[in-house]
A.B. asks: 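Quick one: the structure is below, questions incoming.
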Number of protein chains: 2
Amino acid sequence: MDAKDQALNVARNCFAVRLRKLNRVVSRHYDECFRPFGLTVAQFNLLVAIAAREGTTPSELVASLSLEKSTVSRNVEKMQGKGWVTIGAGEDKRTQTIQLTKAGEALLEEALPAWKEAQKKTEKAVGNVSLLLKEISLT
Amino acid sequence: MDAKDQALNVARNCFAVRLRKLNRVVSRHYDECFRPFGLTVAQFNLLVAIAAREGTTPSELVASLSLEKSTVSRNVEKMQGKGWVTIGAGEDKRTQTIQLTKAGEALLEEALPAWKEAQKKTEKAVGNVSLLLKEISLT
DNA sequence: CTGTATTTGATGTATATGCAACTAATTATC
DNA sequence: GATAATTAGTTGCATATACATCAAATACAG
């Protein structure tokens, strides 16, 4: 097998190559649907994660979303700037608690139809994603 | 269903949320394995894509990887800076052709064991990814 | 042909992401 | 109780990514 065929083989069988491409395509669908709300899919992710656990902490978000702490730190700060969340004192002087504001709740509510649309769009473009993701054992 | 439960529901069922998390986790495995070579998974993606079609063009990479053209432009430029690829004249005066250099080929060769390791690591951490990706109909 | 539309890349700007190094606070060790 | 280790978040830096806009080249319509 020459270098070219080997590369082709890698390109076809690499989990990362395929997953990352899928990720770009799918994320684009969601970004399109959320654009009218001035919302990105990454911000939407954080919003729902925060909404699902009122009074959560950055650390919890790090764990539940497998994000780097610095990413959470900066993205949450940005969302605070937009008035969607408030950052308050936590149990420790180290920790913080994050809450949705009224505006944040309202935004989520408004964006829900767009989310449903994105879900549909994704299934249509990519196939049976539910079935696909069902298999994954991510904590 | 109150707002919190609704958010939980979205968080659990959103394709983007789950896919993006999986993408981060998996990409991290590859990045770790490639780090000793000064290579990122994104660069590896491009390298194998270029190797698989010697003399490809940015446009082709855009199409085959579903990347934005500006992303390809800048990433390929960076890889040229590292001496892994050369950018030459294309058929048009608009287009370019991209070639792996000897160093680029050598790097791919060297990194192959790391890639295999990353594949294994991923299967171990995430489950049967092959089965999972088999279902996807991405062009 | 000539003027318009399309294609191909480059560049400006913004977001998302991660690693390394840092600080402050807390916990564990002795 | 003092010191070491760990934890929580922030900040500096770099890469990856996308959208909008631009310029140059080519293709197309008349």
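Computed from heavy atoms alone, side chains included, the values below leave out hydrogens, waters and symmetry copies. Below, chain A is the first sequence line, B the second, and so on; all start at residue 1.
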A.B. asks: Round to the nearest Å and state the distance from A/Ile98 atom CD1 to D/dA8 atom P.
C.D. replies: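 For the pair A/Ile98 CD1 and D/dA8 P, the rounded distance is 13 Å.
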A.B. asks: Below 4.0 angstrom from OP1 or OP2 of C/dT15, is there any side-chain N or O of A/Asn75?
C.D. replies: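 It does not, given that no N or O in the side chain of A/Asn75 lies less than 4.0 Å from OP1 or OP2 of C/dT15.
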A.B. asks: What I want to find out is whether B/Glu32 reaches B/Lys121 closely enough, with some N-O distance under 4.0 Å, to be called a salt bridge.
C.D. replies: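 Between B/Lys121 and B/Glu32 there is a salt bridge, with a charged N closer than 4.0 Å to a carboxylate O.
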A.B. asks: Rounded to the nearest angstrom, tell me the gap between atom CD in B/Glu91 and atom P in D/dT26.
C.D. replies: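 Value for this atom pair: 11 Å.
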A.B. asks: Please determine whether any donor N or O and acceptor N or O are separated by less than 3.5 Å between the side chain of A/Arg74 and the base of C/dG18.
C.D. replies: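 Indeed there is one.
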A.B. asks: Looking at B/Phe34 and B/Ala111, what are the two nearest heavy atoms and their distance?
C.D. replies: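 Distance-wise, the nearest heavy atoms are CE2-O, 4.0 Å.
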A.B. asks: I want to check one thing: is the phosphate of D/dT17, taken as OP1 and OP2, less than 4.0 Å away from some side-chain N or O of A/Arg28?
C.D. replies: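 Negative; the distance criterion is not met.
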A.B. asks: Can you measure A/Tyr30 atom OH to D/dC19 atom C1' for me and round it to whole angstrom units?
C.D. replies: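 Interatomic distance, OH of A/Tyr30 to C1' of D/dC19: 21 Å.
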A.B. asks: Compare side-chain N and O positions of B/Ser59 against OP1 and OP2 of C/dG9 and report whether any pair is under 4.0 Å apart.
C.D. replies: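 Checking C/dG9 against B/Ser59, a side-chain N or O does come within under 4.0 Å of OP1 or OP2.
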A.B. asks: Are the side chains of A/Arg20 and B/Val41 in contact, using a 4.5 Å heavy-atom criterion?
C.D. replies: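 They are in side-chain contact.
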A.B. asks: Identify the residue among A/Glu117, A/Lys120, A/Lys116 that makes a side chain to side chain contact (heavy atoms under 4.5 Å, CB included) with A/Cys33.
C.D. replies: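 Result: among A/Glu117, A/Lys120, A/Lys116, A/Glu117 is the only option passing the side chain to side chain contact (heavy atoms under 4.5 Å, CB included) with A/Cys33.
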A.B. asks: To the nearest Å, give me how far apart CE (B/Met79) and P (D/dT15) are.
C.D. replies: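 Rounded to the whole Å, the gap is 13 Å.
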A.B. asks: Which nucleotide in the set C/dT15, C/dA10, D/dA16 lies at the smallest distance from any side-chain heavy atom of B/Lys78?
C.D. replies: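 My answer, after comparing the listed nucleotides, is D/dA16.
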A.B. asks: Mind checking if B/Glu77 touches a base, just sugar-phosphate, or nothing, with heavy atoms under 4.0 Å?
C.D. replies: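 Touches nothing.
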A.B. asks: Which listed nucleotide (D/dA16, D/dA18, C/dT26) is nearest to the side chain of B/Leu67?
C.D. replies: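 Looking only at heavy atoms from C-beta outward on B/Leu67, the closest nucleotide is D/dA18.
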A.B. asks: Just how far is it from atom CG of A/Leu108 to atom CH2 of A/Trp115, taken to the nearest 0.5 Å?
C.D. replies: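 Going from CG on A/Leu108 over to CH2 on A/Trp115, the span is 11.0 Å.
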A.B. asks: Would you indicate, yes or no, if C/dA16 has its OP1 or OP2 atom less than 4.0 angstrom from a side-chain nitrogen or oxygen of A/Thr40?
C.D. replies: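 Answer is yes, contact under 4.0 Å.
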A.B. asks: If you check every side-chain atom of A/Lys93, which of D/dT26, D/dT10, C/dT26 has the closest atom?
C.D. replies: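 Output: C/dT26.
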A.B. asks: Figure out the CD/P separation between A/Glu68 and D/dT7, and round it to whole Å.
C.D. replies: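 From A/Glu68 CD to D/dT7 P: 15 Å.
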A.B. asks: Looking for any heavy atom pair under 4.0 Å, which part of the strands does A/Gln96 touch: base, sugar-phosphate only, or nothing?
C.D. replies: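 Sugar-phosphate, no base atom in range.
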A.B. asks: Round to a whole Å and report the spacing from CG of B/Leu61 to P of C/dT8.
C.D. replies: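 So the CG-P distance, B/Leu61 to C/dT8, works out to 13 Å.
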A.B. asks: Within the structure shown, what part of the strands sits under 4.0 Å from B/Lys69 by heavy-atom distance: base, sugar-phosphate, or nothing?
C.D. replies: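 Since a base atom lies under 4.0 Å of B/Lys69, the category is base.
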A.B. asks: Does A/Arg35 or A/Thr97 map to a spot on DNA chain D nearer the 5' end, using the closest nucleotide for each?
C.D. replies: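 Closer to the 5' end of DNA chain D: A/Thr97.
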A.B. asks: Is a donor-acceptor contact shorter than 3.5 angstrom present between the side chain of A/Arg94 and the base of C/dT26?
C.D. replies: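 Donor-acceptor pair under 3.5 Å: no.
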A.B. asks: Just to confirm, is there a sub-4.0 Å distance from OP1 or OP2 of C/dA10 to any side-chain nitrogen or oxygen of B/Ser70?
C.D. replies: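 No, no such contact exists.
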A.B. asks: Pick the nucleotide of DNA chain D nearest each of A/Arg24 and A/Glu60; which residue has the one closer to the 5' end?
C.D. replies: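 This one resolves to A/Glu60.
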A.B. asks: Identify the two heavy atoms, one from B/Leu67 and one from B/Thr71, that lie closest to each other, and give their separation to 0.1 Å.
C.D. replies: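 Nearest heavy atoms, B/Leu67 then B/Thr71: CD2-CG2, 4.0 Å.
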A.B. asks: Using a 4.0 Å heavy-atom cut-off, does A/Thr71 contact any base of the nucleic acid, only the sugar-phosphate backbone, or nothing at all?
C.D. replies: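 A/Thr71: base contact, heavy atoms under 4.0 Å.
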A.B. asks: Write down the distance between CG (A/Asp31) and P (D/dA20), rounded to a whole number of angstrom.
C.D. replies: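 Rounded to the whole Å, the gap is 12 Å.
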A.B. asks: Whole Å only: how far is the NE2 atom of A/His29 from the P atom of D/dC19?
C.D. replies: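 Roughly 11 Å, once rounded to whole Å.
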